[in-house]
Undergrad: 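Let me begin by handing over the structure; questions about it come next.
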Amino acid sequence: MEHSLPTIANPDAPFPSPTPSSSTSSPSGDAAGADLRGPHGALFLVLGYLRLPELLAFQRVCRLFRDVIAGDSFLWQHIVVEPPLNGKLTDDALLKVTAKAEGKLKSLALLDCWKITDAGLLLVADRNPGITKLCVPGCIYLTADGVVKVAKRLFEREGNLKHLQLRGICNITKEHLDVLNSFMCKNNPCQIPQPSFYSHWRIVSFNSDDDRPVDVDMCPRCKNVNLVFDCTRENCRMMKSRWSECRGCFFCIARCEECGGCIDLEGSGEKAICLHLLCLQCWLHLPKCNMCNQPYCKWDADLFGSSSMSAGFVCERCRESGRSSYHSASGYWETFA
């Protein structure tokens with residue numbers, strides 16, 4: 001039995017008009033025919049909640065959706081570019097996407113968009129002076145000087161930039177950090193920042209609840225500008241001397257992958273299967289592999305599917321070791337066959 005291939009929607013094709021059979025097949029044929037002339041109005045309410053890949057896909061459904069989405073600048077005021085689009089985004093593509101906001105862009109998040117340059121980001125800032133939040137973590141082609149130029153340009157035009165996230169941008173110095181903080185705190189007085197915990201940084205790449213104007217800070221130990229974390233342990237945070245010792249970047253202070261607390265590598269640290277560090281308390285509470293007696297941290301447990309196991313399990317490393325041992329033993333006995 002032959003199967004026909006699915007047809008791809010033509011973006012220039014209008015919605016199909018009602019056929020005579022559809023209008024005569026039931027007493028409510030006129031209502032059914034009216035529904036076929038266009039999408040239900042509720043579909044347009046959904047557009048404001050779509051991510052960028054879904055919004056671009058909706059544009060290719062039909063001519064009506066294409067015109068509505070392209071003509072509504074409100075849908076493009078908050079743009080987040082994340083995988084898998086991040087590796088394909090160039091300066092030209094970024095200018096085309098942000099141009100749909102018609103100069104009213106409010107927030108822009110470019111997550112690991114390594115093809116974006118200082119010149120492209122500066123053009124976006126020139127055409128959208130009302131940006132209040134800019135997130136460019138992992139954009140390795142951006143420089144610290146280029147980001148300072150963008151922040152300065154936004155400050156000179158309207159001065160509405162309130163949040164800036166720069167994790168992963170190299171060669172940021174204390175001078176760069178002081179200039180950025182001065183731009184962002186003049187029109188918006190900076191409040192006392194809340195503690196930043198290591199266990200949260202994976203999920204706050206574009207978190208609107210983060211009240212810090214800049215996500216990076218100068219590490220009190222190595223004096224480099226990086227993500228700086230506070231200790232999650234109450235006893236460390238209650239003692240001022242201890243709290244200052246536990247505050248620092250990842251390279252200066254080892255932290256538990258599970259709870260984010262500081263780890264004394266001399267005796268209180270344990271390794272997980274994924275080679276991440278765990279404090280002794282978290283290590284004891286996590287389920288262990290039946291063979292090597294080591295746990296996964298919660299991030300890798302979701303990846304390997306062991307998070308739902310309340311009892312023991314067999315980790316991927318032990319499975320591979322068992323398979324290789326089996327093949328080695330089989331080859332050994334085949335030589336005597």
Side-chain angles (χ1 to χ4, degrees), residues 110-112 114 116-118 121 133-152 154-155 161-186 188-207 210-257 259-269 275-279:
L110 307 176
L111 310 181
D112 298 319
W114 51 271
I116 301 301
T117 64
D118 294 338
L121 190 61
K133 188 169 185 178
L134 181 61
C135 177
V136 289
C139 298
I140 57 177
Y141 276 4
L142 295 179
T143 64
D145 292 333
V147 173
V148 170
K149 288 181 181 178
V150 171
K152 182 179 180 181
L154 293 174
F155 173 75
L161 186 62
K162 298 178 181 179
H163 299 283
L164 189 60
Q165 298 188 8
L166 307 176
R167 171 175 56 86
I169 295 181
C170 301
N171 300 323
I172 301 179
T173 63
K174 184 179 182 301
E175 289 72 21
H176 292 128
L177 192 60
D178 291 340
V179 172
L180 292 174
N181 282 321
S182 66
F183 289 150
M184 303 178 68
C185 292
K186 282 186 177 179
N188 303 291
C190 298
Q191 301 177 356
I192 299 176
Q194 298 295 322
S196 175
F197 300 133
Y198 173 74
S199 56
H200 297 164
W201 78 272
R202 293 173 179 261
I203 56 176
V204 294
S205 56
F206 197 58
N207 183 12
D210 189 354
D211 60 349
R212 295 174 299 169
V214 184
D215 64 332
V216 294
D217 200 354
M218 188 181 70
C219 176
R221 290 200 169 193
C222 63
K223 307 302 180 184
N224 293 325
V225 176
N226 208 328
L227 289 177
V228 177
F229 304 105
D230 298 289
C231 190
T232 58
R233 306 187 190 285
E234 288 292 338
N235 54 351
C236 292
R237 286 163 41 192
M238 291 178 63
M239 295 184 294
K240 293 185 178 180
S241 59
R242 180 63 178 169
W243 177 81
S244 61
E245 294 177 1
C246 293
R247 189 171 189 271
C249 67
F250 175 77
F251 300 100
C252 293
I253 298 179
R255 299 196 180 277
C256 175
E257 195 70 20
C259 68
C262 59
I263 294 178
D264 183 8
L265 294 179
E266 295 181 357
S268 61
L275 301 182
H276 289 139
L277 291 176
L278 298 171
C279 65

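Worth saying up front: this structure is predicted, and the values here are computed from it rather than measured.
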Undergrad: So N226 and F251, do their side chains get closer than 4.5 Å, heavy atoms only?
TA: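 A side-chain contact exists here, since the closest heavy-atom pair is under 4.5 Å.
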Undergrad: Apply side-chain contact (heavy atoms from CB on, under 4.5 Å) to R247 and R221, showing your working.
TA: CA-CA 8 Å; R247 189 171 189 271; R221 290 200 169 193; over 6 Å; no
Undergrad: What's the spacing between K149 NZ and L154 CG if we round to 0.5 Å?
TA: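 Spacing of NZ (K149) from CG (L154) equals 14.5 Å.
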Undergrad: Does K152 have any salt bridge (Lys or Arg N to Asp or Glu O under 4.0 Å) partners at least two apart in sequence or in another chain, and if so, which?
TA: none
Undergrad: Please list, chain by chain and in numerical order, all residues satisfying side chain to side chain contact (heavy atoms under 4.5 Å, CB included) with V225, sequence neighbours excluded.
TA: I172, L177, V216
Undergrad: Going from SG on C252 to CG on N224, what distance comes out if it is rounded to the nearest 0.5 angstrom?
TA: 7.5 Å
Undergrad: Who are the side chain to side chain contact (heavy atoms under 4.5 Å, CB included) partners of D112, not counting sequence neighbours?
TA: N86
Undergrad: Taking only residues two or more places apart in sequence, or in another chain, which ones meet D178 in a side chain to side chain donor-acceptor pair (under 3.5 Å)?
TA: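 Here the qualifying residues are K174.
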Undergrad: With the threshold set at 4.0 Å, does a side-chain nitrogen-carboxylate oxygen contact exist between D215 and R167?
TA: no
Undergrad: For residues M184 and V214, report the shortest heavy-atom separation together with the two atoms involved.
TA: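 Heavy-atom minimum between the residues: SD-CG2, 3.9 Å.
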Undergrad: Report yes if the side chains of T117 and L121 come closer than 4.5 Å at any heavy-atom pair, otherwise no.
TA: no
Undergrad: Looking only at non-hydrogen atoms, find the nearest pair between G248 and I253 and report the distance.
TA: N-CD1, 3.7 Å
Undergrad: For a 4.5 angstrom cut-off between non-hydrogen side-chain atoms, does L277 reach C256?
TA: no
Undergrad: Search all heavy atoms of R255 against all heavy atoms of I263 and return the closest pair with its distance.
TA: C-CD1, 3.5 Å
Undergrad: Check ring-ring contact (aromatic ring centres under 6.0 Å, His included) between F250 and all other residues, then give those that pass, not counting sequence neighbours.
TA: Y198
Undergrad: Would you check, one step at a time, whether the test side-chain contact (heavy atoms from CB on, under 4.5 Å) holds for E257 with L278?
TA: CA-CA 6 Å; E257 195 70 20; L278 298 171; 4.2 Å; yes
Undergrad: Taking all non-hydrogen atoms of both residues into account, name the closest pair between T232 and C259 and its distance.
TA: OG1-O, 3.0 Å
Undergrad: Nearest 0.5 Å, what's the CG-CG distance between L180 and L166?
TA: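 Taking CG in L180 and CG in L166, the distance rounds to 6.5 Å.
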Undergrad: Side-chain polar contacts of residues 135-148 - donor-acceptor pairs under 3.5 angstrom, sequence neighbours left out - could you list them?
TA:
| from | atom 1 | to | atom 2 | distance (Å) |
| --- | --- | --- | --- | --- |
| T143 | OG1 | D118 | OD2 | 2.5 |
| T143 | OG1 | G146 | N | 3.0 |
| D145 | OD1 | H176 | NE2 | 2.7 |

